[in-house]
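Below, all heavy atoms of this structure are taken into account, side chains as well, without hydrogens, waters or symmetry copies. Below, chains carry the letters A, B, ... as their sequence lines are ordered, and counting in each starts from 1.
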Number of protein chains: 2
Amino acid sequence: MNDRGSRLSKDAVLDAAADLVRAQGPAALTMRRLAGELGCAVTAIYWHVGNREALLDELVARTVREMGRIRAEGATPAARAESVALELRRKLRARPHLIALVHERGLTERMMLPAQRALAHEAHAAGLRGAAAAEAVRAVQFHVVGFVLVERNRERAPAQHPGEPDLWDDATAEQDPGLAQAFADPPDVDRLFRATTRAVVASLWGAVPGEGGA
Amino acid sequence: MNDRGSRLSKDAVLDAAADLVRAQGPAALTMRRLAGELGCAVTAIYWHVGNREALLDELVARTVREMGRIRAEGATPAARAESVALELRRKLRARPHLIALVHERGLTERMMLPAQRALAHEAHAAGLRGAAAAEAVRAVQFHVVGFVLVERNRERAPAQHPGEPDLWDDATAEQDPGLAQAFADPPDVDRLFRATTRAVVASLWGAVPGEGGA
DNA sequence: ACCTGAACACCGTTCAAGT
DNA sequence: ACCTGAACACCGTTCAAGT
């Protein structure tokens, strides 16, 4: 029995832990703080989940399950592959802290399996086979995960870029003031993601109809 | 004076700290362990570098400086942009732990500035101006950093992919056994990087001569 | 089976005290 | 100016003891 008269359970521990991580990141998840939330002794947690490492493993497993369902949309295989990339990015961005945990524990690949299958399906539909199909799938996969990691980093450290404009007033910048201006503004990440995704998919699947990507 | 009769200095502290991080990662850098290496009291370190946070800041600043020099090679602007991407990846992979620290502290963008300038130069040479040039530069930048982050993660967790082949013996795999086989093998990351870099650069700079990328 | 409190070995950091 | 040792507030984890 805890403070509130209710019994502790593994699910209760996991729920409280997930709340802490979602709100304040994994560093905020200390066993003592968690016990505080649960109204029990620190050591009671150990009976239910083993230890902190095992607790994080369970949270990661949950996240991997949640990332499961991916559906492709569009007329052509290339367009459908692109839609998978876009949805993937959306889902990854919705759970930043937990995704970081998955990544830290080296389970990104495992988490990406459903998306991998969806992409493989579209590669197959586009006529790609064997190693060429695998390369196409992995190219998109690396691209999406990598992009999300980079943009997350930018968001976490908004004040860290010390005057990008200051560092651009050299020869090139004088020749092209529009360039310096473009670098002074934060990048339009949505646009950047669409453009690069389109480039990667187009080069491996064939052209994506609908917009005029070079 | 320390154990060895020599005096402590800020540089000595930084060197010892860098050694620890390079060999065993930032988690291994504890103030007590560092004091052990240096043969001084834990608190002596504080006099020279402030605290652990400041110490890491200095290591990060060092790394940013080291990443400075980038030179482009090749005949066309696109080929030169591609060479920058390749060299960038090489340099990033040579300092995984320190790069991770830079990334953690949100200084990746700062670190990438020299490469950014080199890429901007090539974009300019290819006739790109203003926002279009900035987008081309950033696309390559995001691509390289993202790719390195993803492949690092794969390397750190080699045993974590639980039987990718097992998860591929479904309809698609039956239709294309070569695909299942290709996924059972680890990806050829060098090849994958070259292919995707070529795709991104080609779509924004124009075709890269020398090899037949689609 | 489930939970507690005391204890241990670690952390980073502060601070008065020494030279 | 440079360094020490004691002390404080945190960690995760173990374990004998309770019910």
Side-chain angles (χ1 to χ4, degrees), chain A residues 1-62 97-98 100-102 104-106, chain B residues 1-62 97-98 100-102 104-106:
Chain A
M1 296 287 173
N2 63 15
D3 278 358
R4 299 162 186 77
S6 66
R7 298 191 64 144
L8 210 54
S9 73
K10 184 165 178 172
D11 273 333
V13 173
L14 288 177
D15 288 340
D19 285 348
L20 268 172
V21 171
R22 238 191 298 268
Q24 313 182 50
L29 177 62
T30 74
M31 303 304 264
R32 285 174 167 81
R33 211 166 331 195
L34 186 53
E37 294 290 333
L38 291 164
C40 66
V42 198
T43 45
I45 299 168
Y46 283 81
W47 197 91
H48 284 99
V49 295
N51 57 21
R52 186 172 184 271
E53 211 59 10
L55 206 174
L56 289 172
D57 284 341
E58 301 258 19
L59 289 184
V60 161
R62 266 193 184 192
H97 287 308
L98 286 166
L101 271 182
V102 173
E104 236 170 60
R105 298 174 111 62
Chain B
M1 297 287 172
N2 61 16
D3 278 359
R4 298 160 186 76
S6 66
R7 295 192 65 143
L8 211 54
S9 73
K10 184 165 177 172
D11 273 333
V13 172
L14 289 176
D15 288 339
D19 285 348
L20 268 173
V21 170
R22 239 191 297 267
Q24 314 182 47
L29 177 63
T30 74
M31 303 304 265
R32 283 173 169 80
R33 211 165 332 196
L34 186 53
E37 295 289 333
L38 291 165
C40 68
V42 199
T43 46
I45 298 167
Y46 283 82
W47 196 91
H48 285 98
V49 296
N51 56 23
R52 185 171 186 273
E53 211 60 10
L55 206 175
L56 290 172
D57 284 341
E58 301 259 19
L59 289 184
V60 161
R62 267 192 183 192
H97 287 310
L98 286 165
L101 270 181
V102 173
E104 235 170 60
R105 299 174 110 64

_Smallest separation among heavy atoms of B:E53 and B:R105, with atom names_ = O-NH2, 3.1 Å
*Over how many whole Å does the gap from A:L34 atom CG to D:dC11 atom C1' extend?*
14 Å
_Given D:dC3, C:dT4, C:dC11, the nucleotide with the shortest approach to the side chain of B:T30_ = C:dC11
*Between A:A16 and A:L34, which heavy-atom pair has the shortest distance, and what is it?*
CB-CD1, 3.7 Å
*If you look at every heavy atom in A:A54 and A:V49, which pair is closest and at what distance?*
CB-O, 3.2 Å
*Just need the stems in DNA chain C: three or more back-to-back Watson-Crick or G-U pairs, each with both distances under 3.5 angstrom, sorted by first number.*
C:4-8 with D:12-16, C:12-16 with D:4-8
*What is the distance from atom NE2 of A:H97 to atom CG of A:L20, rounded to the nearest 0.5 Å?*
11.0 Å
_As an exercise, state the distance from NE2 of B:H48 to CG of B:L55, rounded to the nearest 0.5 Å._
11.5 Å
_Rounded to whole Å, how long is the line connecting atom CD of A:E53 with atom P of D:dC11?_
17 Å
*Between B:T43 and D:dC3, does any side-chain N or O lie under 4.0 Å from OP1 or OP2?*
no
*Rounded to whole angstroms, how far apart are CZ on B:R33 and P on C:dA9?*
17 Å
*Rounded to the nearest Å, what distance is computed from the CE atom of residue A:M31 to the C1' atom of nucleotide C:dG5?*
16 Å
*Looking for any heavy atom pair under 4.0 Å, which part of the strands does A:A44 touch: base, sugar-phosphate only, or nothing?*
base
*asked:* What is the distance, to the nearest angstrom, from the NZ atom on A:K10 to the C1' atom on C:dA1?
replied: 15 Å
_Short side-chain N/O contact from B:H48 to OP1 or OP2 of D:dC3, under 4.0 Å_ = yes
*Rounded to the nearest angstrom, tell me the gap between atom CG in A:L8 and atom C1' in C:dC3.*
9 Å
*Can you name the closest pair of heavy atoms from B:R33 and B:A27 and give their distance?*
NH2-O, 4.4 Å
*Nearest-Å distance for atom pair CG/P, residues A:L38 and C:dC3*: 10 Å
*The side chain of A:Y46 lies closest to which of these nucleotides: C:dC3, D:dT13, C:dC11?*
D:dT13
*With the side chain counted from C-beta on, respond yes when A:R52 and A:L56 share a heavy-atom pair under 4.5 Å apart, and no when they do not.*
yes
*Starting at CZ of A:R32 and ending at C1' of C:dG5, how long is that distance when rounded to a whole Å?*
12 Å
*Where the side chain of B:W47 is concerned, which of D:dC11, C:dG12, D:dC3 is the nearest nucleotide?*
D:dC3
*Would you say D:dC11 has OP1 or OP2 under 4.0 Å from some side-chain N or O of A:R52?*
no
*Among C:dG12, C:dC2, D:dG5, which nucleotide sits nearest the side chain of A:R7?*
C:dC2
*Among the nucleotides C:dA7, D:dT4, C:dT4, which one has an atom lying closest to any side-chain atom of B:C40?*
D:dT4
